[in-house]
Amino acid sequence: MVLLAIARVLVRHVRFAKWHARLGWSDPSAPAQELRARRLARHIERAAARMPGTSKCLPQAMALSWMLRTRRIPHGVALLARPASARGGLDDLHAMVLCNNEIILGNLPGPWIEMLVLPLWVR
Amino acid sequence: MTAPIVKRTAAFSETAIDGEVVVMELDHGDFFSLTGTAVAIWHKIDGTRSRSALIAELAEEYDRPQGEVSADVDAFLAQLKTAGLIDGC
């Protein structure tokens with residue numbers, strides 16, 4: 001819950017450039033650990049549901065990423081936008097966490113335009 | 001005014017889809033949607049064209065007076081500059 005609270009503050013008050021380098025983890029030699037990453041993702045979702053206020057996709061993705069980084073679990077944080085034809089709703093922008101090329105957090109149906117995957121060298 | 005306009009490529013990430021270019025500015029995390037003539041101008045900013053060359057080229061391409069084109073181009077370039085996406089104008 002503390003990580004979610006910190007993430008919410010960062011998103012709201014701190015420039016993106018100051019914290020985006022601390023998202024995602026790339027280590028070709030590390031095992032994928034997708035199952036473990038999924039369990040942590042469910043933990044984040046439960047924590048977000050219990051917290052006052054709303055923890056949107058990006059704070060959740062950030063909090064999960066920090067937990068995965070601490071455990072050196074390779075993953076990516078994808079920042080996405082709706083294409084123009086599908087825009088105008090509440091989720092025009094979105095963040096997901098991927099592990100082993102699978103979406104483990106924030107799996108909202110597309111269509112999506114992938115803008116950025118962090119860390120920046122992960123694709 | 002004769003210096004070429006360049007994109008600050010380290011400052012953003014862009015994706016093109018269905019005639020739209022979506023740009024994510026990496027300093028503040030802002031998103032920009034470019035469509036129509038904005039996409040044409042964006043693609044022409046490749047470090048080889050000055051503001052005046054850009055206007056002349058667009059005026060010919062769209063068969064419009066340069067005076068009319070320059071107002072729109074200058075407004076767009078000002079937005080890109082404010083967003084930190086370009087240098088040189």
Side-chain angles (χ1 to χ4, degrees), chain A residues 6-24 26 55-63 65 76-98 106 108-123, chain B residues 4-47 54 57-58 61-62 64 69 71-89:
Chain A
I6 293 170
R8 282 162 66 170
V9 169
L10 282 178
V11 169
R12 186 165 295 184
H13 299 293
V14 181
R15 278 169 44 217
F16 181 67
K18 295 282 187 186
W19 47 265
H20 76 69
R22 292 177 175 79
L23 296 179
S26 177
S55 292
K56 293 187 176 180
C57 52
L58 183 55
Q60 290 190 42
M62 291 166 67
S65 181
V77 176
L79 303 178
L80 312 120
R82 292 283 188 199
S85 58
R87 217 168 281 158
L90 292 174
D91 57 358
D92 285 351
L93 301 175
H94 190 51
M96 294 177 176
V97 178
L98 302 103
L108 269 186
W112 293 112
I113 302 171
E114 182 183 284
M115 292 307 308
L116 201 63
V117 179
L118 301 164
L120 286 174
W121 52 88
V122 171
R123 273 290 186 211
Chain B
I5 304 169
V6 294
K7 289 174 183 168
R8 300 180 66 233
T9 52
F12 64 86
S13 173
E14 68 174 288
T15 302
I17 183 167
D18 295 338
E20 177 192 18
V21 174
V22 183
V23 179
M24 181 181 179
E25 186 268 329
L26 297 177
D27 192 34
H28 296 91
D30 294 330
F31 283 75
F32 300 91
S33 167
L34 309 179
T35 56
T37 51
V39 173
I41 298 171
W42 179 252
H43 285 322
K44 288 184 185 296
I45 299 173
D46 58 5
L54 190 61
E57 203 171 307
L58 288 165
E61 206 169 296
Y62 288 89
R64 289 281 183 270
V69 171
D72 291 339
V73 169
D74 285 340
F76 183 57
L77 292 179
Q79 289 180 327
L80 295 179
K81 179 99 174 163
T82 300
L85 301 178
I86 61 170
D87 281 326
C89 64

Can you pull out the residues in residues 86-98 of chain A with any heavy atom less than 4.5 Å from chain B?
A:Arg87, A:Leu93
Spell out the residues in residues 12-20 of chain A that have some non-hydrogen atom less than 4.5 Å away from a non-hydrogen atom of chain B, in order of number; otherwise answer 'none'.
A:Arg15, A:Phe16, A:Ala17, A:His20
Whether the side chain of B:Thr15 engages the backbone of A:Met115 through a donor-acceptor N/O pair (distance < 3.5 Å, no angle test) should be reported.
no
Nearest 0.5 angstrom please: B:Met24 CE to A:Leu80 CG, how far?
10.0 Å
Under 6.0 Å from the NZ atom of A:Lys56, do we count more than 12 heavy atoms belonging to anything else shown?
no
Chain A heavy atoms under 4.5 Å from B:Leu26: which part of the residue, side chain, backbone, both or neither?
both
So, taking the atom named OG in B:Ser13 and the one named CD in A:Glu114, what distance separates them when rounded to the nearest 0.5 Å?
8.5 Å
Winner by heavy-atom pair count (cut-off under 4.5 Å) against chain A, out of B:Ile17, B:Val23, B:Val22:
B:Val22
